[in-house]
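Working notes for the structure below.
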Amino acid sequence: MRDDARKKDFGREEERTRNDEIAGLTDERDTVDKLRVLSRQEYLKKRETQKLELLRDEIEMQQRLLHLQDLTLEEQRELAHKQELYRLATQRAKLIGDRELEDEGDESGLAPYRLPEAYVDERTNKSDKEKRFAVLTARYKDQIASKNNAKTEQQTWEEHQILSAGRLGAEIRDIGDKHYDLVMNESVDFLAQEILAGSDQDIHLERTEFDPRQQIQEQRKSLPVFRYRKELIQAIRDHQVLIVVGETGSGKTTQIPQYLVEEKFGRVCCTQPRRVAAMSVAARVADEMNVKLGDEVGYSIRFEDATSAKTIIKYMTDGMLLREFLSEPDLAQYSVIIIDEAHERSLSTDILMGLVKDIARFRGDDVRVILSSATMNAEKFSAFFDDAPLFRIPGRRFPVDILYAKSPEADYLDACCVTVLQIHATQPQGDILVFLTGQDEIELAMENLAQRTRGLGSQLGELIISPIYATLPSDQQAKIFEPTPPGARKVVLATNIAETSVTIPGIVYVIDPGFCKQKGFNPKTGVESLVVVPVSRAGAIQRAGRAGRMQAGKCFRLYTKWSYLHEMEENTVPEILRTNLTQTVLLLKSLGIDDLIHFDFIDPPPTETLIRSLEQLYALGALNDRGELTKLGRRMAELPLDPMMAKCIVQSEKYDCSEQISTICAMLSVNNSVFYRPKDKAVMADAARAAFSRGGGGDHIALLNCYNAWRDSNFSTQWCYENFVQFRVMRRARDILEQLDHLLDRVEVERKSNPDIIAIRKAMASGFFYQACKLQKSGYYRTLKNPHTVHIHPSSSLYKSERLPKWLIYHELVFTTKEFMRQVFDIEPSWLMEIAPHYYTSKELIDTSHRKMPKQLGRLEGAKVK
DNA sequence: CTCTCCCT
């Protein structure tokens, strides 16, 4: 009906405006009818827009909360359906909108559609949290209430669980001598060697048809953890610290806090290494307990505190709990502290373990500590907590066949692509996940695959290639969740974001070349590194497990079994051993922990790292010469920033530019992903980016200009689009800036604005004077302290400058292919004398250039031969 | 001529 009306309205002969049309009619009755139709159309159009928004919100919520965790098949189908619906609807709305604009000129003002990519999570208004959750819960309620829905989501979920239980069981399969018929003239040979066993759980439930709440309870009972409930509770009563070893799918994260509350243990907090996990688990548990999220069950993550005085189960990020120590050092408000996913060994988790161990001793029987971990490291945790007992809960997953390469592959990227095609040609339906090391490699692999499939003819089904990595714009990220059309096969090329952070539905095959990029830190030189290293066996197992989420799967390892057993490390080196700890040291210092060298770390970081951090904090004035926290240090610790940036903010007052410095710090906190540079529009993207540094002043000023321009556009999505800036990243910068702005009061820094780029750079230098370097005759730079040669990163606005500045300060130094300075700005050496006379001697800062430098000083000539 | 991934 709507279509008819539209067709009529926009038919061939309707070139005239609507008003003309009405005026041209003679029959009054016709006019009324016509008006009725028009007003109906207006109404429908408005309603359509509302519906679209609702749909988009639903999709967004589902993606944020659920896709990143586990989705049932039904949920996937539903989401896919909604996405398709939304896509078609927006497309149609856009078409109509365009035509209307043509017809009506500017006066329409109806904004009939939103940009298609906006549905992911690009939103400007922030007050939609409640609405989002309302939509989410409504989805459950609607389905439960609706009688014509054959199955509620809960039923489907339950059926899926039951089905899984029935199918599971570590079947031993005869895969020993299986080989594949290859269509390609080249191939990678694999040996099938082992099976990552599925679960041995075998639970059958009576199917019943009573009310939905009871079904949720039934579903809870079907989780593996349920049958151990009694023993588990007893163990927690008997032991102050308990290590719960449960694999994915055991239900430990959602159930144990509920058991504790049911047994009246008091307030429970449960930490997660990731924000989405904290949110989605809290939403799930609130639903199971039939309470509103934010009441009895809540979550607390940066920028979002969904808790209240009523909250008795609080999910939070590990970093958030660490911050809570600052205001309440004994965490007295919690009776039980659960540290979940402890095996991931995130920096925050490791520090938490040390602190919590101390609390446990201090608070005695008043507190219970539960560490929840996968099998790896469990014994180590137990040893750390004075031989705390282990409690094992079997998990639930499907078996995964693991196949090794017969011989080592020289070119693993090529081998990957060949293996993808082998799978495509010989294996039953199911999508493929390939683990690569970075964006670069993913793009290469995409080209390689595209080329190979072109030559393959049409016998094989379509191969849909989707990349995923953290800095990929979110509209493109969403593509990996689109369902694969029948007959086609999806290949997801991922970084290790797919190891833990996102779960891609439909993956049956995993290709693991055995490498990843890993951060490192050399405490002697202070240089960070980001280099490709072999994954650990634990990492390889994690990757393989990604194939067994929906059904039995296969994992193709592009390395030999021998190298798996003899060349790969057992576990990934924990983050605390390969990272700069200055911020952590400041935090611990402000918690009153003076003797850091003897702090109870589960893995003590290198002493050099700690000493270096202490030295740096001393140089910044956060510690005095006895290593005690100064008032300045206390203020710096309040800010959720690296101490160097914190110092800039505190010092910015002197230069009357706290607003500018906060903005720059916010922009620096979102990691290097502000500017988007698609390959096909690289020239335009570079031009757009260059515009921000037109006034000079280096990368920091460019970031400031960028943020201010966006702010002046009223935080427009369109502006971002036109300037090759990532909206998602900018919004995050805005959130950080907002938080920093609040904190300015707490650290007693006055809000002041000063656009002078010299003042701004001096304020930045007052935190980063440590990281200065000087141009050499060679055309390269040399750091002033710990002298070594460094290079401007090619993404910097100063990279191509005609006349390289003689003195630079860098934000970070990372070794990848070279020692690159990321984000740099130029300074005068006299500033360093002014700002850090305690740190530099005037001899170090003598401007020797007119004496030693050749004529074309500072120019690239000859220095870099292309 | 280039930036794994999380967190406050």
Side-chain angles (χ1 to χ4, degrees), chain A residues 68 271-278 300-305 316-327 341 344-352 435-443 468-472 494-502 515-520 528-533 535 539 572 575-576 578-579 583-584 586-587 590 636-643 645-646 665-666 669-677 679 682 686 699 729 732 735-736 739-740 743 791-796 799-800 811-823 860 864 866:
Chain A
L68 303 169
T271 69
Q272 295 291 321
R274 278 167 297 279
R275 295 161 52 87
V276 265
S300 172
I301 60 182
R302 190 180 187 182
F303 314 127
E304 267 184 75
D305 185 4
M316 62 207 301
T317 44
D318 46 14
M320 205 66 190
L321 185 60
L322 213 47
R323 285 266 143 197
E324 283 195 2
F325 272 90
L326 277 176
S327 47
E341 315 283 2
E344 285 190 28
R345 303 293 309 272
S346 78
L347 175 58
S348 301
T349 294
D350 269 17
I351 302 292
L352 275 179
F435 284 100
L436 298 170
T437 61
Q439 176 179 356
D440 213 41
E441 222 171 77
I442 288 173
E443 280 167 2
I468 175 89
Y469 46 88
T471 53
L472 190 73
T495 59
N496 43 16
I497 193 172
E499 245 173 57
T500 48
S501 305
V502 281
F515 295 98
C516 66
K517 267 191 193 165
Q518 203 174 62
K519 197 170 74 171
E528 278 182 28
S529 60
L530 191 62
V531 288
V532 174
V533 296
V535 295
T572 310
E575 194 185 0
I576 193 168
R578 40 184 185 86
T579 196
Q583 199 183 348
T584 308
L586 180 60
L587 184 83
S590 56
M636 284 163 61
E638 293 284 343
L639 298 164
L641 295 169
D642 182 279
M645 284 198 268
C665 289
S669 298
V670 298
N671 32 356
N672 315 321
S673 46
V674 173
F675 303 105
Y676 171 54
R677 190 173 187 265
K679 265 200 170 146
D686 290 343
D699 297 320
V729 176
R732 188 172 165 78
D735 287 340
I736 296 173
Q739 189 190 22
L740 292 179
L743 287 169
H791 307 266
I792 298 179
H793 194 274
S795 65
S796 168
Y799 179 71
K800 284 182 198 158
H811 176 247
E812 56 182 357
L813 188 61
V814 183
F815 178 86
T816 50
T817 52
K818 280 181 189 167
E819 284 191 14
F820 283 118
M821 300 180 281
R822 291 204 287 223
Q823 321 280 18
L860 268 175
K864 283 186 183 175
K866 289 200 176 172

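Each chain gets a letter, A, B and so on, in the order the sequences are listed, and its residues count up from 1. Note that this is a predicted model, so its numbers are computed, not measured.
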>> From C-beta outward on A:Ala470, which listed nucleotide comes closest to its side chain: B:dT2, B:dT8, B:dC5?
In response: B:dC5
> When the nearest nucleotide of DNA chain B is assigned to A:Asn496 and to A:Pro640 on a heavy-atom basis, which residue is associated with the more 5' position?
Replying inline: A:Asn496
> Could you state the CZ-P distance from A:Phe815 to B:dC3, rounded to the nearest angstrom?
Replying inline: 10 Å
> Got a second to check how far A:Thr271's OG1 is from A:Met316's CE, nearest 0.5 Å?
Replying inline: 8.0 Å
>> Measuring to OP1 and OP2 of B:dC6, would you say a side-chain N or O of A:Thr500 lies under 4.0 angstrom away?
In response: no
> Just checking A:Leu322: base, sugar-phosphate only, or nothing, at a heavy-atom cut-off of under 4.0 Å?
Replying inline: nothing
>> Distance check needed: B:dC6 P versus A:Asn671 CG, whole Å only.
In response: 9 Å
> Going from CG on A:Leu587 to CE on A:Met636, what distance comes out if it is rounded to the nearest 0.5 angstrom?
Replying inline: 12.5 Å
>> By the 4.0 Å heavy-atom rule, please label A:Arg677 as base, sugar-phosphate, or nothing.
In response: base
> Just how far, in rounded Å, is C1' of B:dT8 from CG of A:Leu743?
Replying inline: 10 Å
> In whole Å, what is the span from the CD atom of A:Gln439 to the P atom of B:dT2?
Replying inline: 13 Å
> Within the structure shown, what part of the strands sits under 4.0 Å from A:Glu499 by heavy-atom distance: base, sugar-phosphate, or nothing?
Replying inline: nothing
> Is a side-chain donor-acceptor pair under 3.5 Å present for A:Glu575 with A:Thr579?
Replying inline: no
> Considering heavy-atom distances to DNA chain B, does A:Leu639 or A:Thr495 have its closest nucleotide positioned more toward the 5' end?
Replying inline: A:Thr495
> At under 4.0 Å between heavy atoms, what does A:Ser348 touch on the DNA or RNA strands: base, sugar-phosphate, or nothing?
Replying inline: nothing
> Rounded to the Å, how far apart are A:Leu472 CG and B:dC5 C1'?
Replying inline: 15 Å
> What integer distance in Å separates A:Asp642:CG from B:dC7:P?
Replying inline: 17 Å
> In whole angstroms, how far is the P atom of B:dT8 from the CD1 atom of A:Ile351?
Replying inline: 16 Å
>> So A:Arg274, base contact, sugar-phosphate only, or nothing? Heavy-atom distance under 4.0 Å.
In response: sugar-phosphate
> Who pairs with A:Phe325 by ring-ring contact (aromatic ring centres under 6.0 Å, His included), at least two apart in sequence or on another chain?
Replying inline: none
>> Without decimals, in angstroms, what is the distance between A:His811 NE2 and B:dT2 C1'?
In response: 17 Å
> How is A:Ser795 classified with respect to the nucleic acid when contacts are heavy atoms under 4.0 Å: base, sugar-phosphate, or nothing?
Replying inline: base
